[in-house]
Amino acid sequence: QVQLAESGGGLVQPGGSLRLSCTTSTIIFRFNTMAWYRQAPGKERELVARISLGGTTDYNDSVKGRFAISRDNAKNTLSLQMNSLKPEDTAVYYCNCNSLWGQGTQVTVSS
């Protein structure tokens, strides 16, 4: 069974940066689309960014220009570089591939 595992979350002050990683237990060529989602307290889970096998990306308007999604098909990993973090970015971030989900990693942006 395929498993996903996120890492890289933590506590950071506003304006800071974090890089999230998602490791997989299989090759990722099988996943045409991979994505990062997040769920903030009291809110529904939302799409943050997604990337196709060919590298085409799509971002939530709230993170455009600040976040960058990437995938390394050789290492079978998915990443999310987060810059200029804001308190409203505070959430649990999840790696997603089709119907597969990781356990999530907590990102807290606070001064």
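Proximity of Pro14 to Pro87: side-chain heavy atoms (C-beta onward) are separated by under 4.5 Å at one or more points. Residues Tyr93 and Met82 have side chains in contact (heavy-atom distance under 4.5 Å, counting atoms from C-beta outward). With a 4.5 Å cut-off on side-chain heavy atoms, Leu53 and Asn73 count as touching. For the pair Leu78 and Leu4, the minimum side-chain heavy-atom distance is 4.5 Å or more. Side-chain contact between Val2 and Arg30 is present, with heavy atoms from C-beta onward closer than 4.5 Å. Phe31 is not listed as a side-chain neighbour of Ile51, based on a closest heavy-atom distance of 4.5 Å or more. Side-chain contact check for Lys86 versus Arg66: some heavy-atom pair is nearer than 4.5 Å. With contacts defined as side-chain heavy-atom distances shorter than 4.5 Å, the pair Val107/Leu18 qualifies.
Judged as a disulfide bond (SG atoms under 2.5 Å apart), not a single pair has a partner in residues 23-59 (not counting sequence neighbours). Applying the disulfide bond (SG atoms under 2.5 Å apart) test to residues at least two apart or on different chains, the pairs with a partner in residues 67-111 are Cys22-Cys95. A side chain to side chain donor-acceptor pair (under 3.5 Å) check over residues 1-17, counting only residues at least two apart or in different chains, returns the pairs Ser17-Asn83. For residues 23-52, no residue pair satisfies the disulfide bond (SG atoms under 2.5 Å apart) rule, not counting sequence neighbours.
Residues Met34 and Trp101 fall into different hydrophobic clusters, defined by Ile, Leu, Val, Met, Phe, Trp and Tyr side chains chained together at heavy-atom separations under 4.5 Å.
The side-chain tip of Arg45 points at the ring of Tyr94 from less than 6.0 angstrom away and within 45° of straight on.
Of the charged side-chain nitrogens involved, at least one lies within less than 4.0 Å of a carboxylate oxygen, so that Asp61 and Lys64 count as a salt-bridged pair.
Partners of Phe67 according to the ring-ring contact (aromatic ring centres under 6.0 Å, His included) rule, which considers only residues two or more places apart in sequence or in another chain, do not exist here. Among residues two or more places apart in sequence or in another chain, the side chain to side chain contact (heavy atoms under 4.5 Å, CB included) test is passed with Ala35 by Tyr37, Leu47, Arg50, Asn96.
In this structure, OG1 in Thr26 is found 9.5 Å from CG in Leu100, a value given to the nearest 0.5 Å. Taking CD1 of Ile69 as the start and OH of Tyr59 as the end, the distance is 6.5 Å to the nearest 0.5 Å. Atom CG in Asp89 sits 7.0 Å away from atom OG in Ser62 (nearest 0.5 Å).
For the pair Thr90 (side chain) and Thr108 (backbone), a donor-acceptor distance under 3.5 Å is absent. A donor-acceptor contact shorter than 3.5 Å links the side chain of Trp36 to the backbone of Ser79.
No more than 12 heavy atoms of other residues, nucleotides or ligands sit less than 6.0 Å from atom CD of Gln103.
The only option from Val92, Leu80, Val63 that meets the side chain to side chain contact (heavy atoms under 4.5 Å, CB included) definition with Arg38 turns out to be Val63.
The two residues Asn76 and Thr24 make their nearest non-hydrogen contact at O-OG1, 3.1 Å.
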